[in-house]
Amino acid sequence: LQQSMHAIRRHEQPMSAALIERLQSIPGVRIHGITDPAQMHRRVPTVSFTVPGTHPRAIASALGAGGIQVWDGNYYALAVTDRLGLESQGGMVRVGLVHYNTEDEIQRLVDALRPIIARS
């Protein structure tokens, strides 16, 4: 079991770094949480982000229409979104990677996200 968990972690950490790097390449995307590639060991493979002026629900709905499933809102972390000043703006968009996700899927997300943000 421990070996399996370590193998999953070895897969998810570089995937998280790739997701963050590619999201940061999109003008206007603000990632909330650890973004330093040297600190990937301190985070889980879930990334929350906002785009000023664009409601998280609009982003999540547009991605969903294209078959990409993400979450929007506060994920029951109301104190966090309140403290970040994001609750009144609809919270954040949340992307969760797991052990079976691929870099191609990350690129698909980013490719779908760019025109959504460009339209807003």
Side-chain angles (χ1 to χ4, degrees):
L1 182 61
Q2 275 187 329
Q3 288 176 335
S4 297
M5 295 304 290
H6 288 297
I8 290 169
R9 189 161 181 83
R10 282 192 306 274
H11 175 75
E12 288 178 344
Q13 283 181 353
M15 294 291 288
S16 292
L19 175 60
I20 289 168
E21 179 184 337
R22 291 179 192 177
L23 286 174
Q24 286 177 320
S25 75
I26 303 172
V29 170
R30 178 168 182 227
I31 297 171
H32 300 275
I34 296 168
T35 59
D36 180 354
Q39 298 298 316
M40 287 299 111
H41 66 282
R42 295 182 54 216
R43 67 168 303 135
V44 296
T46 301
V47 177
S48 294
F49 69 91
T50 53
V51 177
T54 306
H55 198 282
R57 173 80 34 93
I59 294 170
S61 294
L63 288 171
I68 298 172
Q69 305 304 308
V70 299
W71 302 267
D72 68 281
N74 63 29
Y75 339 109
Y76 303 102
L78 181 59
V80 173
T81 54
D82 269 341
R83 186 165 192 167
L84 292 172
L86 298 171
E87 185 61 27
S88 64
Q89 299 168 35
M92 299 176 275
V93 177
R94 182 176 173 178
V95 179
L97 298 174
V98 293
H99 60 281
Y100 53 76
N101 286 119
T102 66
E103 288 209 32
D104 287 343
E105 290 170 317
I106 292 172
Q107 191 59 51
R108 183 173 164 238
L109 165 70
V110 170
D111 290 345
L113 190 56
R114 284 184 189 280
I116 294 166
I117 292 173
R119 287 191 300 261
S120 45

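Start at 1 with the first residue, then count along the sequence. Worth knowing before you read on, the calculation uses all heavy atoms, side chains too, and leaves out hydrogens, waters and symmetry mates.
- Nearest approach of Leu63 to Ala112, heavy atoms of both residues: CD2-CB, 3.8 Å.
- Across all non-hydrogen atoms, the minimal contact from Arg57 to Asp72 is NE-OD2, 2.8 Å.
- For the pair Arg94 (side chain) and Gly73 (backbone), a donor-acceptor distance under 3.5 Å is absent.
- In the hydrophobic clustering of ILVMFWY residues, with side-chain heavy atoms under 4.5 Å counting as a link, Val51 and Leu84 come out apart.
- Side-chain atoms of His99 do not come within 3.5 Å of backbone N or O of Ile8 as any donor-acceptor pair.
- Side-chain contact check for Arg114 versus Val110: some heavy-atom pair is nearer than 4.5 Å.
- Here the CD1 atom belonging to Ile116 is positioned 7.5 Å from the CD1 atom belonging to Ile68, to the nearest 0.5 angstrom.
- Rounding to the nearest 0.5 Å gives a distance of 4.5 Å between CG of Asn74 and CD of Glu87.
- Residues passing the salt bridge (Lys or Arg N to Asp or Glu O under 4.0 Å) test with Arg22 are Glu103, sequence neighbours excluded.
- Between the CD1 atom of Ile20 and the CD1 atom of Ile31 there is a distance of 5.5 Å, given to the nearest 0.5 Å.
- Around atom CZ of Arg30, no more than 12 heavy atoms belonging to other residues, nucleotides or ligands sit under 6.0 Å away.
- Note that the CZ atom of Arg43 and the CD1 atom of Ile34 stand 6.5 Å from one another [nearest 0.5 Å].
- In this structure, the side chains of Thr50 and Gln89 stay at 4.5 Å or more apart for every pair of heavy atoms.
- Atom CD of Glu21 has 12 or fewer heavy atoms from other residues, nucleotides or ligands within 6.0 Å.
- The shortest non-hydrogen separation linking Asn101 to Gly96 is OD1-O, 4.0 Å.
- Residue Trp71 is not grouped with residue Leu109 when hydrophobic side chains (ILVMFWY) are merged at heavy-atom distances under 4.5 angstrom, including chains of intermediate members.
- With values rounded to the nearest 0.5 angstrom, Leu19 atom CG is found 8.5 Å from Phe49 atom CZ.
- One finds the CE atom of Met15 at 13.0 Å from the CE atom of Met40 (value rounded to the nearest 0.5 Å).
- Closest non-hydrogen pair, Ser25 versus Pro27, comes out as O-CD, 3.4 Å.
- By the 4.5 Å heavy-atom criterion applied to side chains, Leu97 and Glu12 are not counted as neighbours.
- Residues Ile59 and Leu113 meet the side-chain proximity criterion, which asks for heavy atoms closer than 4.5 Å.
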Before you tell me yes or no, could you show the steps for His32 and Val80 under side chain to side chain contact (heavy atoms under 4.5 Å, CB included), namely the whole-Å CA-CA distance, both residues' side-chain angles and the distance that decides it to 0.1 Å? CA-CA 11 Å; His32 300 275; Val80 173; over 6 Å; no
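- Pairing each heavy atom of Ser48 with each of Met92, the nearest pair is CB-SD, 3.6 Å.
- Side chain of Tyr75 to backbone of Gly91: no donor-acceptor contact under 3.5 angstrom is found.
- Heavy atoms only, all atoms of each residue included: Gly28 and Pro52 are closest at O-CD, 3.2 Å.
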